[in-house]
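Have a look at this one before I ask anything.
Order of the sequence lines sets the chain letters (A, B, ...), proteins ahead of strands, with each chain counted from 1.
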Amino acid sequence: MNLAKRAALGLAAPVLALVVAAVVASLVLVGTGDDVAGFWKTLLTWPQGRNIVNILNASAILYISGVAAAIGFRMNLFNIGVEGQYRVATFAAAAFAGAGWLPGKLNTVVAVLVAMLAGALWAGIAGLLRTTRGVSEVISTIMLNAIAGSLVGYLLTRVGSSTGNTRSTKQIEQGSWVGGITIFGDSPTKLFGLSLVAVVVGVLFWLLLNRTRFGFDLRASGASETAAVASGVDVRRMIVISMLMSGAVAGLIGMPTLFGDAHNYGSSFQTGIGFAGIAVALLGRNNPVGIAFGALIFAFLTEQGNLLNILVGVSPDIVAVTQGVIVIAVVIAYEIVRRYRVRLEQASVGEQLEAQPAPQPKEPVS
Amino acid sequence: MSTSATGPSTHAIELRGIGKRFPGVIANHDVDITIRTGTIHALVGENGAGKSTLMKILYGVQKPDEGSITVNGKHVTFSTPADAIAEGIGMVFQHFMLADNLTVLENVTLGAEKLHGIGDSAREEILKISRRYGFALDPDELVETLGVGERQRVEILKVLYRGARIIILDEPTAVLVPQEVDALFDNLRQLKDQGHTLIFISHKLDEVLAVADDITVIRRGTTVATVEPADVTARKLAELMVGSELPSPSTEESTVTDRVLLSVSGIELRDAAGRPELTGISFEIHAGEVLGIAGVEGNGQSELVETLIGMRHPVAGTVRLRTSEEGDQDITRWSTRERREAGIGYIPEDRQRHGLLLDSPLWENRILGHQTRPPSVKGPWLDVKGARDDSQRIVSAYDVRTPGIDTTARALSGGNQQKFIVGREMSGDPILLMASHPTRGVDVGAQAQIWDHIKRARSEGLAVLLISADLDELIGLSDSIRVLLRGRLVGEFDPQTVTPQELGSAMTGAGEDA
């Protein structure tokens, strides 16, 4: 297969999925008697500078979350617990940074490491349960999500302070904040400094996956556990390590917002990104570049969806429906394209071999 | 079923100009076969020659792209197996399709309840068929208690029960030991005497010569000759099949050294429920020696290999390996990776599950099993160029027929997948090779090449543990043969003098008390 054909096939699935999702969303709007044309006009208007920055910030956070989920997915480990991991991690980092034991940016750096450690440990529980007791990580991570919510709530009452009716950790000192980056001069909204962590995470993820032994073992375990075992991969060890890595990356999800905007962790801190990350990872086929596109599309739809209620009186929930349909359509479309690709390849192998002359069986060695 | 004759009723089946194409593959073309009523007609050809596709066409599983099928003088087209069954054609598949937890009666009547119900009249019919052909089957016995030969008779009974007069048997002897093969042939002759027509697919030429009335040879998707057994020898048949000189597995002069390379003593393995799977396994393999393990499948061969490669761990016993750097070492507790690094190559029984990442390109499959060794890696990093270059080397040295090393493993034929695995496992100077059914499902050309590679490596001092269901391969390649029965090593044979019958007795335990 030549490069152009490969690229076309690669694009076929996501484009197909987006088209299907658009059709389904339109049908839903027709069904509810909403303004279909207005919906699409609003959704597809080029966003203003302020909205672009919001989209970029949201994409960065979603991207980190997507990578966290993808690390597990690449070895068929369904870490549904990114949500709980990042909440525990963000709380730990906020409490640590808020305490102000360390000065200035050193405080920031160590707090980020604390977040990664906390996320890794929380995910590691599920990894250990899986390898020692055979508990499905799907079940244990979902339960750990619930526990994480309650645990963080409880700890907030112990170490946090109240402002109004929200409880939060102590405000981080200004010296430890990470300043924003101005992109559009006419808008006060800035790109979170720590959003750039997403780029680092993406590059490292790509390198790890495609250029290291560990990444090969990870992919091999996901592609065929039996073949991986026979090749000498210690799958139990791989499960624990990849859960720890997945959790460590999940720990980074809250960092851009914590140090760039919120400066403390409280009951009003953004939730749900862990679940969105699963969808984004699926959308991007667990591929470092694909996840970036998935994150951008999700962030774009969410940001534009905020305008729907104001401009055309459509509930922004329709955007969530659209996002959901995209994910389902993508999963189906990828499978269809994959089968087509296998058939195409087998046919091309057959054709190319027919063109070659048949080799004569060699003389036995005597 | 009566032959509603409009044409010559002495021909049960006539196939004329049958052709079938799959994307990129011509499975059959210009197939012409005439099968006389009341005969055993053998269809021989190497794996991948197109026998199975042809039989699927005849049984209505696949539709031919061209050509005509005539059954008992009547022109027919089959869309589903039901159409074929209605014309009195039945098929016995190589892999039995029986429900273990049902009785013979229930298995036979399943799906054919309309014929004789599921009660006494069905039981009577089954007994009648069983008696007429000497099947000796009890309708009320559970299938799980039956042996392989009996299960096969249940399958044959199933098609007879449905009124088949023409029965296709797809490699019926592949699962049987020699004694059971003889019993099967007696059954087939009885069926023939009662006027049935049998189509017998095989690549075991001695069997074909022993039982068939006519033999049709298929090569590269088409019929190349139809002969009578009296007119040909096994060698001649094989040459028709391969279309060239016949490969021979026989090893010439012994290359066995006195250096013990692998020493296994007292291995005990248990399954999750604590039942013994391997008991008291002890043997040695010397450098330059091929030790063959014979046995009916399921007697502990897979468990033995998995224990030696470190995928399973024994509850007792030791495994010692002598490497040139470290000398004699106890590797009983070593992981699979440590064993592979020490120079153990592994050709797994199930290449698709254990030997390949099917959706990864060939060059990534080169890395599999060699994740810690050059040329695929440098320290913790993959060496993509090294892996690609070495894949290219394997492809040309082992004659892997592929458009390139970026092709996914899935796209290759079984024989080429296997040649790639053999090439990979021979890389990095292994000292011990564990080969489980190394030529199963591989065409004759690839088989000869794989044998050559094993022989060449052996002459350079490689020790080989060979597990195979092909007795000819075992006898031809091995320097000594041990038999595995119910998890124990029960006999030791010299391949120079042993006969398949002797091995067969040991494999079934017939000679246990002797």
- [ ] Please look at B/Ser335 and chain A and tell me whether the side chain, the backbone, both or neither of the residue comes under 4.5 angstrom of a heavy atom of that chain.
- [x]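 Looking at B/Ser335, nothing touches chain A.
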Task: Largest heavy-atom contact set with chain A, pairs under 4.5 Å, which of B/Glu364, B/Lys378, B/Arg339, B/Gln371 - done: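 Ranked by heavy-atom pairs under 4.5 Å with chain A, first place is B/Gln371.
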Open item on the list: What's the separation between atom CH2 in B/Trp381 and atom CG in A/Asn210, rounded to the nearest 0.5 Å?
Closed with: 11.5 Å
TODO: Enter the distance from B/Asp359:CG to A/Arg338:CZ here, rounded to the nearest 0.5 Å.
DONE: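 With rounding to 0.5 Å, CG (B/Asp359) is 5.5 Å from CZ (A/Arg338).
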Task: Side chain proximity check, A/Ser224 to B/Leu357, heavy atoms < 4.5 angstrom - done: yes
Task: Top contributor to chain A interface from B/Leu368, B/Asp350, B/Leu382, B/Val377 [non-hydrogen pairs under 4.5 Å] - done: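 Of the candidates given, the most pairs with chain A belong to B/Leu382.
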Task: Contacting region of A/Val229 [heavy-atom separation from chain B under 4.5 Å] - done: both
Task: Interatomic distance, B/Thr408 atom OG1 to A/Arg341 atom CZ [nearest 0.5 angstrom] - done: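 Between B/Thr408 OG1 and A/Arg341 CZ, I get 9.5 Å after rounding to 0.5 Å.
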Task: Interface moiety of B/Arg353 toward chain A, non-hydrogen atoms closer than 4.5 Å - done: both
TODO: Give a yes or no answer on whether the side chain of A/Arg211 reaches the backbone of B/Val384 with a donor-acceptor pair at less than 3.5 Å.
DONE: no
TODO: May I ask you to name which of A/Ala227, A/Gly215, A/Ala220 has the most heavy-atom pairs under 4.5 Å with chain B?
DONE: A/Ala227
Open item on the list: Atom CZ of residue position A/Phe293 - does it have more than 12 heavy atoms of other residues, nucleotides or ligands inside 6.0 Å?
Closed with: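 Not buried by this count: 12 neighbours or fewer within 6.0 Å.
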Open item on the list: How about CZ on A/Arg236, more than 12 heavy atoms from neighbouring residues, nucleotides or ligands closer than 6.0 Å, or not?
Closed with: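 Atom CZ in A/Arg236 is not packed in, count stays at 12 or less.
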Task: Any A/Asp217 side-chain heavy atom under 4.5 Å of B/Arg337 side chain - done: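 Yes. Closest side-chain heavy atoms under 4.5 Å.
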Open item on the list: Can you tell me how far apart CZ (A/Phe216) and CD1 (B/Ile367) are? Round to the nearest 0.5 Å.
Closed with: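 One finds 4.5 Å between CZ of A/Phe216 and CD1 of B/Ile367.
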- [ ] Heavy atoms only: give me the nearest B/Met311-A/Ala230 pair and the separation to one decimal.
- [x] SD-CA, 3.9 Å
Task: A/Ser231 side, atom OG; B/Leu356 side, atom CG - distance, nearest 0.5 Å - done: 11.5 Å
Open item on the list: With a 4.5 angstrom heavy-atom cut-off, is it the side chain or the backbone of B/Glu338 that approaches chain A, or both, or neither?
Closed with: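 Answer is neither: B/Glu338 stays 4.5 Å or more from chain A.
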Task: Residue selection (most heavy-atom pairs with chain A, distance under 4.5 Å) from B/Ile309, B/Thr372, B/Leu358 - done: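 Of the candidates given, the most pairs with chain A belong to B/Thr372.
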TODO: Mark yes when over 12 heavy atoms from residues, nucleotides or ligands other than B/Glu341 sit less than 6.0 Å from its CD; otherwise mark no.
DONE: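 Atom CD in B/Glu341 is crowded, with more than 12 foreign heavy atoms closer than 6.0 Å.
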Task: Per-residue contact mode, B/Pro348 against chain A (heavy atom under 4.5 angstrom) - done: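 Neither; nothing under 4.5 Å.
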